[in-house]
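Atoms within a ligand are numbered from 1 in the order they appear, just like the ligands themselves.
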Amino acid sequence: MPDRLRASPNFALSQSADGRSFVIGEVEPYPQYWLSDRERLLFALFGADGGMDVDAALEAMLRIEPAGSREEIAEAIADMREAEVLIAPEAELSRYGREMARDYLDHRPFPPAIAARIADLGGIGPETRVLDLAAGPGSLALELAKRTPHVTMMELSRGFVEAAQEEATCRGLQLETIHESCNRLAQVDGSFDVMTISQAIHWLDDVMLVKGVCRNLAEGGSFFVVHGSLTVLPQHPLSYILGDKTPLGDKKAGTFSDAVRPLYKRISLLFDALDAPDVDRHDPLHARQRGGQITGTRIDLFRQQRPIDENFARAFLSDSHISALGQDREGFWLDLRRRCNAACADDLFGWQEFALLHFQRGAERLDAADWVPLKAEQIGYPG
Ligand SMILES: C[S@@+](CC[C@H](N)C(=O)[O-])C[C@H]1O[C@@H](n2cnc3c(N)ncnc32)[C@H](O)[C@@H]1O
């Protein structure tokens, strides 16, 4: 156990109608941890800025409840630690950490062709204010920063935020960063002409995300969602971990468009519900009419053949994926390397499909049911 702990910002403190306290995770499956009175106090103590020394918390608790035993309090701390309600102050909040950043930047580059389409559809020029959400180590944000010096990225992983800042400096680009959960976007009070989220919407509370977009998207502004899907053939040496059926989960049957349409519909419905200035509400921000409602207007499909090898796997699979498999890190990577080395180079390819969903204030509406998917545009690697 670390000497110092802090209350995890990935859990929000809440209270049931009968006054019992619990903390709840922000994202499906919304894990709940019910707090005893003792744990409620511990959560408050460790909630101090920068956390608290475990020994100091134990002493404080013994002063608050002199009848309590040190062992019982230590046990409560250990339980909260195991549930990740308490974490080390420097702990990563995201499953993605600093150790993956270099591989991510080098081997999961954001396709420049899709960045160019975003820039084109969003009318990005030197004055455009851009916010890239759940930006990872900055792959898309840095592509857009080539076109405007007003790019900000918001990301939960401390390691990725640091890596993105360093990469921006190294490439001579301007990049602002916000180290915060995008589930708290509604608490950002900004105004952006283009907002983007790539390969991450499934990690977020999309109701909170859409509320935040409604609040921050400027008049005429565009919001882009990039959704991706990976395909490797069953004979690919990494299909046991990156294929359609793996211990990490099964890919849904059906075409890529079958997955894109409901996603587009869901986000469109959320905008219809939440960006509805005609509905009488008390919130004055709600009535802030800025150039029309946000509506879904277009979907573009892309297909990219690319190497799917150890480099890609290192940019894709985090330690938490590996521990979900019940394997130790070193053994997992040794085995994966052995499989890749045994394959011939031509077998180490796969396909990434991408959908670019475009929502815009005041745009002409495209209903999900009316979307006729066109053949995906082929893009090269890195594109
Ligand atoms: C697959 S990566 C996508 C990165 C980048 N957008 C891209 O397309 O390459 C998912 C990212 O979402 C971030 N993420 C997950 N939950 C988040 C949250 N609540 N707030 C902000 N970022 C989050 C992760 O830390 C990770 O960097």
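Atoms of ligand 1 found under 4.0 Å from any heavy atom of S181, numbered from 1 in the order shown, are 18 (C), 19 (N), 20 (N). Annotation for ligand 1: atoms under 4.0 Å from non-hydrogen atoms of A200 are 10 (C), 12 (O). Close approach of ligand 1 to S94 (heavy-atom distance below 4.0 Å) involves ligand atoms 24 (C), 25 (O). Close contacts of ligand 1 with N183, meaning ligand atoms under 4.0 Å from a residue heavy atom, involve 19 (N). Of all atoms in ligand 1, listed by their number and element, those nearer than 4.0 Å to a heavy atom of F160 are 27 (O). Near S198, the atoms of ligand 1 lying under 4.0 angstrom from a non-hydrogen atom of the residue are 3 (C), 5 (C), 6 (N), 7 (C), 8 (O).
Using a 4.0 Å cut-off between charged side-chain N and carboxylate O, E90 and R6 make no salt bridge. The pair R102-E167 counts as a salt bridge, with a side-chain nitrogen and a carboxylate oxygen less than 4.0 angstrom apart.
Between P109 and Y381, the closest heavy-atom pair is CD-OH, 3.5 Å. In plain terms, the two heavy atoms of R215 and A186 that are nearest each other are CD-O, 3.1 Å.
For atom 14 (N) of ligand 1, the nearest protein heavy atom (residue, atom name, distance) is A134 CB, 4.1 Å. Ranking the protein heavy atoms by distance from atom 13 (C) of ligand 1 puts E155 OE1, 3.4 Å first. The protein heavy-atom contact nearest to atom 15 (C) of ligand 1 is W203 CB, 3.7 Å.
In this structure, CG on N311 lies 14.5 Å from CZ on F316, to the nearest 0.5 angstrom.
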>> For E75 and R38: C-alpha separation, side-chain torsions, deciding distance, then whether salt bridge (charged side-chain N to carboxylate O under 4.0 Å, His left out) applies.
In response: CA-CA 11 Å; E75 207 174 302; R38 173 180 287 147; over 6 Å; no
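Aromatic rings from F11 and Y33 are positioned such that their centres are separated by 6.0 Å or more.
By heavy-atom distance, the residue among Y104, F354, Y96, F110 lying nearest atom 9 (O) of ligand 1 is Y104. Between the choices A135, C182, A141, the shortest heavy-atom distance to atom 5 (C) of ligand 1 belongs to A135.
Within the 4.0 Å heavy-atom criterion, the part of L204 lying near ligand 1 is the side chain and not the backbone.
One N or O on the side chain of H321 and one on the backbone of S318 form a donor-acceptor pair closer than 3.5 Å.
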